[in-house]
Amino acid sequence: MSFKMHLLTGRTVAVILLVLLLLGVLYSYIWRHYRDGIFGQEVRPADGSSSRVDFTIVNHWFHLVASDYLEYQQPSIVQGSRTDVVTVTPWLAPIVWEGTYNPQLLDSIYRPQNISIAATVFAVGKYTKFLRDFLETAEQHFFVGFKVHVYVFTDRPKEVHQVKMAAGRQLTVVPVPGSNRWQEISARRMELIQTLIEEKLQNHMDYIFCLDVDSKFHGRWGTESLGALVAVIHPGYYKDDRSKFPYERRHESTAYVAPGKGDFYYCGGAFGGLLQEVHRLANTCRTNFEADAKKGIEAAWQEESHLNRYMLINKPTKVLSPEYLWQDFKPRNPEVRIIRFSGVIKNYADIRPNV
Ligand code: UD2
């Protein structure tokens with residue numbers, strides 16, 4: 001082989017190697033972005049440690065397939081079925097009110113996808129007395145016809161009422177320690193939700209909803225509530241100016257919200273979404289709660305304050321109207337056409353370990 005030929009072969013090999021190297025770099029770059037977009041993101045708690053949580057690919061959220069055979073009323077873009085309420089946020093997340101969606105259409109989209117929904121509920125100390133109604137009414141109204149796994153966290157497992165559940169639905173009791181401070185019970189929920197997702201749910205469930213136990217279902221709560229990050233508007237403040245929202249107002253707290261800031265005031269008693277989104281929320285709120293505790297601060301409304309701070313920055317992708325968490329002591333307002341889930345009237349002095 002001539003010297004020229006040698007030179008040519010050498011150059012060709014170098015070019016091929018260079019192209020392969022570039023392809024390798026391109027591949028790892030694309031894969032990293034794909035993985036972080038579809039799977040769980042790396043969550044870095046404030047202490048600098050890293051807890052990587054991976055989740056299975058969630059296809060259905062991105063791709064909605066309707067049945068060709070279902071007949072339903074034509075939707076309109078000029079005549080809304082609800083003109084008395086606002087049905088979209090300024091960041092274009094739907095606000096779910098009765099009359100804004102077609103339940104049959106939504107169910108027909110989600111049923112073939114075989115989605116599964118986890119629900120967490122805490123019944124610590126005397127709050128076990130609310131479990132029976134909560135569980136029985138959930139059977140009647142909460143994601144009926146779908147795979148549902150309810151996790152009951154309690155320090156009194158023997159008091160968990162046995163409820164007859166439909167096929168595909170199940171209940172697991174998770175023992176937790178009691179506490180002599182209700183504030184701690186309420187706030188510790190974030191940590192326990194985070195651990196549940198990490199240890200039991202990832203790769204098994206798609207969505208999760210975290211609900212207060214001292215409540216009952218009265219109407220459908222189903223596929224219309226699904227979204228990546230789902231918040232419920234608090235029934236007590238939805239007509240108020242944001243200056244009246246009971247946000248944490250002390251600068252020193254990680255839950256601080258400045259005057260003049262805030263979208264809506266959300267409930268601590270109901271929130272949810274995709275597992276990885278709720279994991280991120282729970283991890284952040286728990287980390288911030290602990291950072292506050294080190295400074296001797298407890299936010300005005302415990303984890304509800306941290307949740308409100310989180311949702312101000314991480315906007316919910318779906319917002320549920322106060323139909324999804326009313327309070328029995330409040331007369332129903334006309335724009336609330338249906339009450340789906342509502343807090344029962346309770347005597348705090350009777351049921352809480354401290355007042
Ligand atoms: C509001 C919120 C609640 C929480 C709290 C502030 C709504 C409707 N409720 O309710 O979610 O943000 O403010 O911390 O938005 N629990 C027990 N045992 C106890 C005390 C509490 O199991 O001794 C659990 C139980 O699941 C209960 C939840 O914690 O539903 C919240 O406690 P709460 O209902 O007493 O709090 P409340 O009514 O102030």
Side-chain angles (χ1 to χ4, degrees), residues 119-135 137-138 150-157 159-161 173-193 196 209-218 221 230-238 245-248 253 255 264-272 278 281-282 285-286 288-289 292-293 297-311 319-330 339-355:
T120 61
V121 66
F122 288 73
V124 178
K126 292 185 184 166
Y127 277 60
T128 47
K129 73 176 210 167
F130 300 114
L131 264 177
R132 184 191 186 128
D133 282 349
F134 176 92
L135 294 170
T137 58
V150 181
Y151 290 86
V152 175
F153 292 77
T154 184
D155 57 337
R156 300 180 182 188
E159 290 179 22
V160 178
H161 181 72
V173 177
V174 186
V176 291
S179 169
N180 50 18
R181 283 191 74 237
W182 67 266
Q183 295 90 336
E184 188 188 310
I185 298 168
S186 189
R188 216 177 43 209
R189 290 184 291 178
M190 288 295 184
E191 177 190 343
L192 293 164
I193 290 164
L196 177 79
F209 284 93
C210 310
L211 305 166
D212 267 9
V213 72
D214 52 319
S215 331
K216 279 198 249 178
F217 291 88
H218 301 277
W221 180 322
V230 183
V232 181
I233 306 240
H234 198 293
Y237 305 94
Y238 72 98
F245 293 170
Y247 289 139
E248 172 54 56
S253 171
F264 310 107
Y265 190 76
Y266 303 111
C267 287
F271 58 90
V278 176
L281 158 80
C285 291
R286 176 245 176 124
N288 290 345
F289 190 86
D292 275 13
I297 301 171
E298 185 172 81
W301 286 99
Q302 295 78 37
E303 84 306 336
E304 185 174 90
S305 304
H306 288 280
L307 176 130
N308 270 281
R309 166 75 206 172
Y310 183 89
M311 298 274 191
V319 173
L320 305 182
S321 69
E323 294 168 2
Y324 288 81
L325 189 37
W326 198 249
Q327 284 165 328
D328 283 359
F329 66 78
K330 274 173 77 74
I339 293 173
R340 303 168 189 281
F341 187 58
S342 181
V344 301
I345 296 171
K346 59 189 196 268
N347 181 349
Y348 287 105
D350 273 356
I351 49 163
R352 280 179 169 173
N354 61 314
V355 191

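In listed order, ligands and their atoms are each counted from 1.
- Every heavy atom of Gly343 sits 4.0 Å or more from the atoms of ligand 1.
- For the pair Cys267 and Leu325, the tightest heavy-atom approach, listed with the atom from each and the gap, is SG-CD2, 3.7 Å.
- Distances below 4.0 Å separate heavy atoms of Asp214 from the following atoms of ligand 1: 27 (C), 30 (O), 34 (O).
- With a 4.0 Å cut-off on non-hydrogen atoms, Leu325 touches ligand 1 through its side chain and not its backbone.
- Rounded to the nearest 0.5 Å, atoms NZ (Lys126) and CG (Asn347) are 10.0 Å apart.
- Across all non-hydrogen atoms, the minimal contact from Val152 to Val160 is CG1-CG2, 4.2 Å.
- Residue, atom and distance of the protein heavy atom nearest to atom 25 (C) of ligand 1 are Phe122 O, 3.3 Å.
- With respect to atom 1 (C) of ligand 1, the closest heavy atom belonging to the protein is Glu304 OE2, 4.1 Å.
- Contacts between Arg189 and ligand 1, counted as non-hydrogen atom pairs separated by less than 4.0 Å, involve the side chain only.
- Checked against a 3.5 angstrom limit, the closest N/O atoms of Gly125 and ligand 1 fall outside it.
- Of the heavy atoms in Tyr127, only side-chain atoms (C-beta onward) come closer than 4.0 Å to ligand 1.
- Taking the six-membered ring where tryptophan is involved, the planes of His234 and Tyr265 are tilted, since the angle between them lies from 30° to 60°.
- Per-residue contacts place Val213 under 4.0 angstrom from the following atoms of ligand 1 (heavy atoms of the residue considered): 25 (C), 26 (O), 30 (O).
- Considering backbone and side-chain N/O of Ile185, none are found under 3.5 Å from N/O of ligand 1.
- Any N or O atom pair closer than 3.5 Å counts here, and Lys346 shares at least one such pair with ligand 1.
- When the heavy-atom distances from atom 37 (P) of ligand 1 to Arg352, Arg188, Gln302 are ranked, the shortest goes to Arg352.
- No donor-acceptor pair closer than 3.5 Å links the side chain of Lys330 to the backbone N or O of Gly236.
- Of the N and O atoms on the side chains of Ser305 and Glu248, not one donor lies less than 3.5 Å from an acceptor on the other residue.
- The environment of Trp326 atom CH2 is dense: over 12 non-hydrogen atoms of other residues, nucleotides or ligands sit within 6.0 angstrom.
- Applying the 4.0 Å criterion to heavy atoms of Ala123 picks out, from ligand 1, the atoms 22 (O).
- The neighbour count for Arg181 CZ, taken as heavy atoms of other residues, nucleotides or ligands under 6.0 Å away, is above 12.
- The distance from ligand 1 to the heavy atoms of Ser186 drops below 4.0 Å at these ligand atoms: 4 (C), 5 (C), 6 (C), 14 (O), 31 (C).
- Crowding of Lys216 atom NZ: a count of heavy atoms from other residues, nucleotides or ligands under 6.0 Å not exceeding 12.
- By the 3.5 Å distance cut-off applied to N or O atoms, Val124 is counted among the residues near ligand 1.
- Contacts of Glu303 with ligand 1, taken as heavy-atom pairs under 4.0 Å, involve the side chain alone.
- At distances below 3.5 Å, not a single donor-acceptor pair connects side-chain atoms of Asp155 with backbone N or O atoms of Pro177.
- Taking the six-membered ring where the residue is Trp, Tyr324 and Trp221 present perpendicular rings, their angle passing 60° and hence far from 30°.
- Residue Tyr348 places a heavy atom less than 4.0 Å from ligand 1.
- The protein non-hydrogen atom at the shortest distance from atom 9 (N) of ligand 1 is Asp212 OD2, 2.9 Å.
- Here the CD1 atom belonging to Ile185 is positioned 4.5 Å from the OG atom belonging to Ser179, to the nearest 0.5 angstrom.
- Not a single heavy atom of Gln183 lies less than 4.0 angstrom from ligand 1.
- Under 4.0 Å from ligand 1, the heavy atoms of Pro353 that appear belong solely to its side chain.
- Every N/O-N/O distance between Trp182 and ligand 1 stays at or above 3.5 Å.
- Relative ring orientation between Tyr237 and Phe245 is described as perpendicular, the plane-to-plane angle rising above 60° on a 0-90° scale split at 30° and 60°.
- Pro175 and Val173 make their closest contact through CD-O, 3.7 Å (heavy atoms, listed as atom of the first residue, atom of the second, distance).
- For atom 13 (O) of ligand 1, the closest non-hydrogen atom on the protein side is Trp301 CE3, 3.8 Å.
- Geometrically, ligand 1 and Ile351 share no nitrogen or oxygen pair separated by less than 3.5 Å.
- The closest approach between any non-hydrogen atom of Lys126 and ligand 1 is not below 4.0 Å.
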